[in-house]
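We name chains A, B, ... by the order of the sequence lines, and we start the count at 1 in each one. What you are looking at is a predicted structure, and each value in this text was computed from that prediction instead of being measured.
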Amino acid sequence: MNIDSVLRSSIQKAIQDLFNQQVDNFQLQPTNQEFEGSHTLVCFPLTKLSRKSPEETGKIMGEYLVQHAGIVERFNVVKGFLNLVLNDKVWIETLQSIVENSSYGQLPERGEEIMIEYSSPNTNKPLHLGHLRNNFLGYSVAEIYKANGYKVHKVQIINDRGIHICKSMAAWTLYGEGETPESSGIKGDHLVGKYYVEFDKAYKAQVKALVEKGMTQDQAEKEAPMMKLAADMLRKWEQKDSDIVELWKMMNGWVYKGFDETYKLMGVEFDKLYYESDTYLLGKAEVLKGLEKGVFFKKDDGSVWVDLTVDGLDQKVLLRSDGTSVYMTQDIGTAILRFSDFPKIVGQIYTVGNEQEYHFKVLFLILNKLGYEWARRCYHLSYGMVDLPTGKMKSREGTVVDADDLIAEMIEEAEKQTRALGKIEDMNGEEARDLFKMIGLGALKFFLLKVDPKKRMLFDPNESIQLQGFTGPFIQYTHARIRAIIRKAESIGVFQSKSNFNEIASLEPAEREVIKSLSMFENKLREAARDYSPAVIANFAYELAKEYNQFYQTIPIFNEADQNKLRLRIALSKSVADVINRSMGLLGIHVPEKM
RNA sequence: GGUCCGAUAGCUCAACUGGAUAGAGCAACAGCCUUCUAAGCUGUAGGUUCGGGGUUCGAGUCCCUGUCGGAUCACCA
């Protein structure tokens, strides 16, 4: 049963009967901890209907509900707030229905498909902390949408061409001496990244030398031989020069192999990959069509523009005067391509940092102007930058936190702290390694996902490896503890008869609180999807675990002589473990049987 | 300069979209292991929600204004 909707319709009926009015937008909120009750009706807005004081209104409503709504046991009114105490039978029935619902936390199929893009790295350097936030967010939002009944397609666009990769290619050609991942033992993406740094070093030295010889900064930046070489490679690549294309393929191949390893470690995956080298020429035809339709306009020099001044934005170039595409053109083409690849999707979610907010605003406006109905359902999942205690991450200053290094450190730290507690002596080597990985990654993912995606966040390495308090491992630990209880319950045969809680008359407060938390899960799922926010799930999972730990601490489960009550406690525990497992799964975090 | 975000306990974050005395974790202090895992639980202390106006029964939340951060405004991606 759904308590909220039952209660809402009772309240609606009460208003109807008492005040002879049709209202359905009254405010029903959770009761504050300090007052008795679970649901609170805010009475101020109702005073217009009742023409009585808020207190009086609350009292009348409360009395009516106790008499007519079967589920309200008693009430109290504090100021204008009507606090409702539901009878324990309702909570017991709620638990019963959660226990019996094997797909609790999976909302019904909507028959809609949606696409989500995330990761989308450049191929000239390895992934870093910013990519971790991006990937974890994208993966998690995809899972949240699945749980909301959507069919989800996860994609990324790999920025595999352009001047950035040519820089790495240029430096490798000059200084590489044939070095490969195999010959050096360096992971492919890191090796290519190494030459990207080499390029930058050599380039800067050349610019400096030219400026000292009297060139202006601008001129020097264009004239430096390193840059000319990279630009030349880009030109040759576009002309499909076979030597350059071979080199490009080889180095990108190294990077992909490296990325694959990192993605595997991170536990993210994709249903389809788009490559910029395939899509960068798309969109031009669309722009020309739009030009014919009069959606865009042409300037005297031949360049094509969109005028967004009526939308409060500027004019934006879509085709250069030489007829070539820009980034925006390509994104228009890619969006349309994706809708023809997946004709059933109703929209797209782009997981991209907030520095590109303007870009996506423009992109969606343009798609809309081109007449694509689905443009309304395109959403930029914009997230804030990750800062370090030392300030911003800057690749040039070497303050970037490398994804592979960070994950390795987290796992190492998890191992150190786990071993120190001495609880895993009976595990074999492989089990232990899996556990360290689960805990290390759980800590990292939870740390990055518990914060509202929109907000920029601070990554403090010391805090992220903490395993106590509002952390992933705290929740994993709660799960492991419950699993120990379930194992014990199984060994003494508690599950042998089917659970039926009808004969239980009342609950302990701690039990009631846990059921209350459990019952919020599906609402949280909807909220998380609506807000594109895994943080909603992270907060929920934490609240649930905390609530359960209080129960665990105050009530010794197996001391209970009444078999029905014992079964209820075991069933309650199992439901918590299941919901923790499921909600952590939505964050891409695994939970252990023991830790 | 225009536009858009943000500012909440010493630190990191919440606050059900306008509701009650603004909540957690970390750090500090004081307690709880012969019991189902102490990666836990209980308590103490910590606040002019950046400043100033306004809107109303009620504002951390909405409006105006100022201060301080950040992003963005390329025939770059």
Side-chain angles (χ1 to χ4, degrees), chain A residues 27-35 40 42-45 47 53-54 78-81 83 122 159 161-164 276 280 299 301-305 312-314 316-328 330-331 353-359 361 382 384-385 387 389 392 414 417-418 420-421 423 439 443 447 450-452 454-460 462-464 466-471 473-478 480-489 520 523-524 527 531 535-536 539 542-543 545-546 549-559 569-570 573 594-595:
Chain A
Q27 288 178 59
L28 192 62
Q29 62 188 40
T31 305
N32 282 10
Q33 282 291 345
E34 63 220 272
F35 303 110
T40 294
V42 184
C43 295
F44 299 95
T47 53
S53 71
V78 181
K79 298 189 187 168
F81 297 89
N83 302 317
N122 290 351
N159 301 306
R161 53 132 242 142
I163 193 70
H164 53 266
E276 198 187 87
Y280 82 109
K299 287 195 177 171
D301 62 4
S303 55
V304 178
W305 296 71
L313 305 173
D314 303 322
K316 196 86 189 163
V317 70
L318 298 177
L319 289 178
R320 297 189 184 99
S321 47
D322 63 5
T324 56
S325 297
V326 293
Y327 180 48
M328 185 64 74
Q330 164 191 325
D331 266 11
N354 63 6
E355 75 271 14
Q356 294 201 38
E357 270 173 14
Y358 185 79
H359 173 77
K361 222 180 258 180
S382 162
M385 298 289 102
D387 289 328
K392 281 185 73 165
Q417 297 201 35
T418 303
L421 289 171
K423 295 183 188 177
I439 296 172
F447 188 86
K450 71 179 177 182
V451 180
D452 184 346
K454 290 194 291 282
K455 294 189 178 166
R456 64 184 302 139
M457 68 178 294
L458 185 83
F459 184 85
D460 185 337
N462 297 322
E463 211 178 308
S464 69
Q466 240 169 230
L467 311 180
Q468 291 93 20
F470 189 8
T471 65
F474 168 87
I475 300 167
Q476 290 172 319
Y477 174 72
T478 305
R481 222 156 51 161
I482 297 174
R483 293 306 304 172
I485 288 172
I486 304 300
R487 283 193 295 274
K488 181 167 173 183
M520 291 176 186
N523 273 338
K524 293 293 178 184
E527 194 185 326
D531 295 346
V536 170
N539 277 284
Y542 174 64
E543 286 301 325
K546 218 168 42 156
N549 280 329
Q550 278 169 35
F551 159 81
Y552 178 93
Q553 214 79 215
T554 50
I555 299 175
I557 295 172
F558 289 102
N559 281 4
R569 285 176 189 168
I570 301 297
S573 300
K594 295 179 187 169
M595 73 184 271

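Distances shown here put every side-chain N or O of A:Q553 at or beyond 4.0 Å from the OP1 or OP2 atom of B:U42. Close to B:U37, at under 4.0 Å from its OP1 or OP2, lies no side-chain N or O of A:R483. Between A:R487 and B:U37 there is no side-chain N or O to OP1 or OP2 distance below 4.0 Å.
Ring centroids of A:F81 and A:F44 are separated by less than 6.0 Å, placing the two rings close together.
Across all strands shown, B:C36 has no partner, as no Watson-Crick or G-U wobble contact with both distances under 3.5 Å is found. Of the nucleotides present, none pairs with B:U55 by Watson-Crick or G-U wobble criteria with both distances under 3.5 Å. Across all strands shown, B:U21 forms no Watson-Crick or G-U wobble pair with both key distances under 3.5 Å. Pairing of B:G1, defined by two Watson-Crick or G-U wobble distances under 3.5 Å, is identified with B:C73. Pair assignment for B:A28 gives B:U44, based on Watson-Crick or G-U wobble hydrogen-bonding distances that are each under 3.5 Å. Using the Watson-Crick or G-U wobble rule with both distances under 3.5 Å, B:G6 pairs with B:C68.
Nucleotides B:G6 and B:C63 place their P atoms 11 Å apart, quoted to the nearest Å. For the C1' atom pair drawn from B:U44 and B:U48, the interatomic distance equals 24 Å after rounding to whole Å. The separation of B:C4 from B:U56, taken at their C1' atoms, amounts to 29 Å, rounded to a whole angstrom. Between B:U17 and B:A30, the two C1' atoms lie 39 Å apart (nearest whole Å). Here, B:C36 and B:A22 have their P atoms 41 Å apart, quoted to the whole Å. Taking atom C1' on both B:G69 and B:G31, the two are 42 Å apart, rounded to the nearest angstrom. On the P atoms, B:C33 is 43 Å away from B:C50, given to the nearest whole Å. When the P atom is used for both B:C11 and B:A27, the distance is 16 Å, rounded to whole Å.
In this structure B:C41 sits in the anti conformation; its chi angle is more than 90° from 0. B:U17: glycosidic angle within 90° of 0, hence syn.
Between A:R320 and A:Q417, it is A:Q417 whose nearest contact on RNA chain B lies nearer the 5' terminus. Between A:V317 and A:A545, the one whose closest nucleotide on RNA chain B sits nearer the 5' end is A:A545.
Note: CZ (A:R481) to P (B:U35) measures 14 Å, nearest angstrom. Distance OH (A:Y477) to C1' (B:C36): 10 Å, rounded to an integer number of Å. Atom CG in A:D387 sits roughly 14 Å away from atom C1' in B:C5 (whole-Å rounding). For the pair A:Y358 OH and B:C4 P, the interatomic distance rounds to 12 Å; values are reported in whole Å. Distance OH (A:Y327) to P (B:U72): 13 Å, rounded to an integer number of Å. A:L318 has its CG atom 12 Å from the P atom of B:A77, to the nearest Å. As a whole-Å value, the separation of A:K594 NZ from B:U37 C1' is 11 Å. Taking atom CG on A:N549 and atom P on B:G40, their separation rounds to 8 Å, with Å as the unit.
A:D460 contributes a side-chain N or O that, together with a main-chain N or O of A:N462, makes up a donor-acceptor pair within less than 3.5 Å. Side-chain N or O atoms of A:T324 include none that pairs as donor or acceptor with a backbone N or O of A:R320 at under 3.5 Å.
Among the heavy atoms of the strands lying under 4.0 Å from A:T418 is at least one base atom, whether or not backbone atoms are also near. Contacts of A:F474 with the nucleic acid, taken as non-hydrogen atoms under 4.0 Å apart, involve only primed sugar atoms and P, OP1 or OP2.
Under the 30°/60° scheme for interplanar angles, the aromatic rings of A:H359 and A:Y327 are found to lie parallel.
For the pair A:K299 and A:W305, the cation sits on the ring face: its NZ or CZ lies under 6.0 Å from the ring centre, inside 45° of the axis.
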Evaluate the criterion side chain to side chain donor-acceptor pair (under 3.5 Å) for residue pair A:N549 and A:R481; output intermediate values, then yes/no.
CA-CA 10 Å; A:N549 280 329; A:R481 222 156 51 161; 2.7 Å; yes
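Closest contact between the side chain of A:N559 and the listed nucleotides B:U72, B:A77, B:U35 involves B:U35. Side-chain atoms of A:Q356 lie closest to B:A77 of the nucleotides B:A77, B:U37, B:C36.
Here the straight-line distance linking atom CD1 of A:I439 with atom CD of A:Q417 works out to 9.5 Å at 0.5 Å rounding. Here A:I570 contributes atom CD1 and A:I486 contributes atom CD1; the two are 6.0 Å apart, rounded to the nearest 0.5 Å.
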Produce a footprint string for nucleotides 12-25 of chain B: one letter per nucleotide, 5' end first; B if the base is under 4.0 Å from any protein heavy atom, S if only the sugar-phosphate is, - if neither.
SSS-BB-BBB--SS
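A:K546 meets the side-chain contact (heavy atoms from CB on, under 4.5 Å) test with A:F474, A:Y542, A:E543; sequence neighbours excluded.
Using modelled atom types, one finds no donor on one side chain facing an acceptor on the other under 3.5 Å when comparing A:Q330 with A:S325.
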